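Counting convention: from 1, in listed order, for ligands and their atoms alike. As the structure is a prediction and not an experimental result, all values here were calculated from the model.
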Amino acid sequence: MTDAADDGGGEAISALLHETRQFPAPEAFAKQANAQPGIYEEASADPEAWWAAQAENLTWDRHWDKVLEWDLPFAKWFVGGRINAAYNCVDRHVEAGRGDKVAFHWVGEPEGDNRTITYSDLKDMVCKAANGLVELGVKAGDRIAIYMPMIPEAVVAMLACARLGAPHSVIFGGFSSEALSGRILDSDCRVVITADGGYRRGAASALKPNVDEALERCPDVRSVLVVRRTHQDVAWTEGRDIWWHELVDRQPPEHEAQSFDAEQPLYIMYTSGTTAKPKGILHTTGGYLVHTSTTHRLVFDLKPETDIFWTAADIGWVTGHSYIVYGPLANCATSVMYEGTPDAGGRDRWWKIVEDYKVSILYTAPTTIRTLMKWGEEFPESHDLSSLRLLGSVGEPINPEAWMWYRKYVGRDNCPIVDTWWQTETGGIMISPLPGITATKPGAAMKPLPGIGAAVVDNDGNEVGDGEGGYLVLTDPWPGMLRGIWGDPERYRETYWSRFPGYYFAGDGAKKDEDGDLWLLGRVDDVMNISGHRISTTEIEHALVGHPSVAEAAVVGASDPTTGQAIVAFVTVKGDVVAVGEEGEALVVALREQVAITIGPIAKPRQILLTPELPKTRSGKIMRRLLRDVAEHRELGDVTTLMDPTIVQMLDDQMNAPGAADEA
Ligand code: WT7
């Protein structure tokens, strides 16, 4: 634990805590809601029985013998049960006569480039892809890397893996080749599924070259399956590279799904921790599917026959896994899936999509809401958004101003907003209002869901009272919980279960207000939240120090009006390196590029300050707390423990000097 308890950014947080407005659920919504009052009591009377009742909504090949086996911190859910995730997401809906129902209205970034995919279509596509993977020698348990743009084949690839019991590891398309190879190697993937490229910000961007570069470091990858999306020229390695259309299109559209143990690994998703090496979060099948489908039904009030559901996120993150793929498909929802950026083809692109497809439920991140807000309300106002009936937010604390804007200009003052707190590790939503029940407060995630145990504790692990703050912990096992860190069971125990014995430590600060409702306050560890993306300070320090000119680097997250937090780096250079004038400027450019190459463009620091020294305590520890003060233009805190207090003053002057503005 560091001194970072104030990490979430001072001003935004204090605005959160002075918020007193409340919005009861509209009566008409409450009447028809999937979640009715009494649900909390029902679940808390016997959580395992309640989860078991939810699990009955899925189709099991063999019923479980036992709901939960809990050997802290190792959980098994639906023990003895057998199930196939892809069958539950696709086949069973077709068998139930809903094959003609649309699974995805896919919207490509170039306008007019759209596809409609029914559940029957999806079944054929998944079966063909599964047969293709079998031809490549894929077996249950093999790990498959997926590095793709937001196209239907990405979902098909995931489901084909799930169908075969081969855990997928989806790597966000914005990650660099180095990040890609690190992840491929960590879980020893032997097959990579990718595309020539994808459309992003109005242009075709390439993916295949990153794979080629990554695989120079991954000699064990034997097959690369490439979807043709952009028709860019691609380099080709004979014997290793295969076009998706050449392999998959000629496969039969039948494939019998085998059943797997409920605890069969479903996927690995890498996320940043407090060290330089990302952790492979492992999710398994039965419990995860129960958790995502149940929360999707209750939190988003999904009515499969009438709703058009849109999670505006990328499948490269857990939000896409749980609420574009597994939750909605298990519930036979009709979803919109959009490939591109919110302003591709105009700043009203999103609202055009909502109007064209009559989207009724929209789920997105605060950083995007703030961007849309900056562009102005004329864009949502110029479209008919009356199909919307529920709005969701995820990824970081939502500031009351953005919440109110979302409510007013997108929800026309009559859509409940669900601010959903969860993590890659939790698999699905944990803390959120239930629309139709909860009177919401702008900026508060409110209450643990039925069947979920959460608490706010102080430094010693004692629960705090109403009106007090501390650390968020999860007090009971839950079906969608991570089952471990790939290849490192000790790290799993150490990271999540050692800080407060018996509790899962989420890494977030939280406060209980006078009514006992929960307000999330941001990370309390060395993890930053940049536009809802988790990036660790250590990861970036590591990347910077990888540059030959750099001696030492310290990175902090500073609050930022659009991205929530922004990355600010303080760097000292090696003895003979010139770090002033034009050479200094060129070095800063090179260092930002260094970070993009090592991790990905999303991790580029907003600012890099070159400094002759870093402020350190007499025992040699870098004082990140003071660097955060500098980065956020705050009055400097206590400097008396510093070896040389003049350094931090100098940095502060440098930061506040004219021309030290953002580089991003
Ligand atoms: C971290 C998890 C869950 C999918 C996207 C992010 C922050 C997430 C909220 C929220 C306040 C939130 C937390 C958490 N976070 N949702 N509604 N209110 N903070 O997943 O990359 O695993 O990041 O995101 O700090 O620990 P992730």
Side-chain angles (χ1 to χ4, degrees), residues 4-5 7-9 12-13 16 170 172 174-175 268-274 278-281 283 291-292 295-296 299 311-327 363-369 391-400 402-403 406 417-433 440-449 454 456 471-474 480-482 485 495-496 504-511 517-536 539 557 563-565 602-603:
D7 226 354
I13 295 303
L16 273 182
V170 181
F172 174 58
F175 276 126
I268 300 162
M269 166 112 263
Y270 285 86
T271 188
S272 294
T274 52
K279 302 174 286 200
I281 303 302
H283 284 290
H291 189 151
T292 51
T295 50
H296 183 249
V299 176
T311 290
D314 195 286
I315 51 131
W317 308 108
V318 75
T319 307
H321 281 51
S322 299
Y323 299 106
I324 294 176
V325 183
Y326 291 107
Y363 190 33
T364 187
T367 183
T368 313
I369 299 169
L391 304 174
S393 171
V394 61
E396 55 173 313
I398 178 165
N399 48 312
W403 196 100
Y406 199 26
I417 296 180
V418 289
D419 173 11
T420 63
W421 179 90
W422 57 296
Q423 308 178 297
T424 305
E425 290 88 340
T426 70
I429 300 171
M430 303 294 281
I431 303 174
S432 167
T440 53
K441 302 175 182 177
M446 302 301 292
K447 270 186 200 347
L449 290 178
V456 181
Y471 304 96
L472 178 73
V473 293
L474 301 170
M481 69 190 279
L482 75 163
I485 295 175
T495 309
Y496 303 106
Y504 171 93
F505 173 50
D508 281 45
K511 181 181 158 123
D517 293 323
L518 293 172
W519 300 71
L520 277 307
L521 304 179
R523 302 287 309 193
V524 293
D525 52 15
D526 292 329
V527 174
M528 297 173 289
N529 191 326
I530 317 297
S531 298
H533 299 150
R534 238 162 105 168
I535 300 172
S536 85
E539 220 173 329
T563 57
Q565 278 187 305
I602 48 167

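- Taking atom 22 (O) of ligand 1 as the reference point, the nearest protein heavy-atom neighbour is T424 OG1, 2.5 Å.
- The option with the heavy atom closest to atom 27 (P) of ligand 1, from among E425, R534, M430, is R534.
- Per-residue contacts place N529 under 4.0 angstrom from the following atoms of ligand 1 (heavy atoms of the residue considered): 7 (C), 24 (O).
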From CA spacing to verdict: side-chain contact (heavy atoms from CB on, under 4.5 Å), K511, L521 | CA-CA 7 Å; K511 181 181 158 123; L521 304 179; 4.0 Å; yes
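- In terms of modelled atom types and a separation under 3.5 Å, the side chain of T311 and the main chain of A313 share no donor-acceptor contact.
- Residue W422 has at least one heavy-atom neighbour below 4.0 Å for each of these atoms of ligand 1: 2 (C), 3 (C), 4 (C), 8 (C), 14 (C), 16 (N).
- Side-chain atoms of Y363 and T420 include a donor-acceptor pair closer than 3.5 Å.
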Between Y504 and Y496, is a ring pair (Phe, Tyr, Trp, His ring centres under 6.0 Å) present by the stated rule, with each step listed?
-> CA-CA 5 Å; Y504 171 93; Y496 303 106; 5.2 Å; yes
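- Nearest to atom 11 (C) of ligand 1 among the protein's heavy atoms is P397 N, 3.1 Å.
- Contact annotation: for V527 versus ligand 1, there are no heavy atoms closer than 4.0 Å.
- The distance from ligand 1 to the heavy atoms of T319 drops below 4.0 Å at these ligand atoms: 4 (C), 5 (C).
- Residue R523 has at least one N or O atom closer than 3.5 Å to an N or O atom of ligand 1.
- Contacts between T420 and ligand 1 below 4.0 angstrom, taking non-hydrogen atoms only, involve the backbone exclusively.
- Counting heavy atoms only, D508 comes closest to atom 26 (O) of ligand 1 of the residues D508, L521, D525.
- G395 counts as a contact of ligand 1, since one of its heavy atoms falls under 4.0 Å from the ligand.
- Between the side chains of Y323 and T295, a donor-acceptor pair is found at a separation under 3.5 Å.
- Of the protein's non-hydrogen atoms, the one nearest atom 10 (C) of ligand 1 is E396 O, 3.5 Å.
- Residue D419 has at least one nitrogen or oxygen atom sitting less than 3.5 Å from a nitrogen or oxygen atom of ligand 1, judged on distance alone.
- Inter-residue side-chain proximity for W422 and V394 is flagged as met; some heavy-atom pair is nearer than 4.5 Å.
- Contact check for E396 versus T367: side-chain heavy atoms found under the 4.5 Å cut-off.
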Determine, step by step, whether E425 and R534 satisfy the salt bridge (Lys or Arg N to Asp or Glu O under 4.0 Å) criterion, reporting the C-alpha distance in whole Å, the side-chain angles of both residues, the deciding distance to 0.1 Å, and the verdict.
-> CA-CA 12 Å; E425 290 88 340; R534 238 162 105 168; 2.9 Å; yes
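- Shown in contact with V318 at under 4.0 Å from a heavy atom are these atoms of ligand 1, numbered in order with element: 4 (C).
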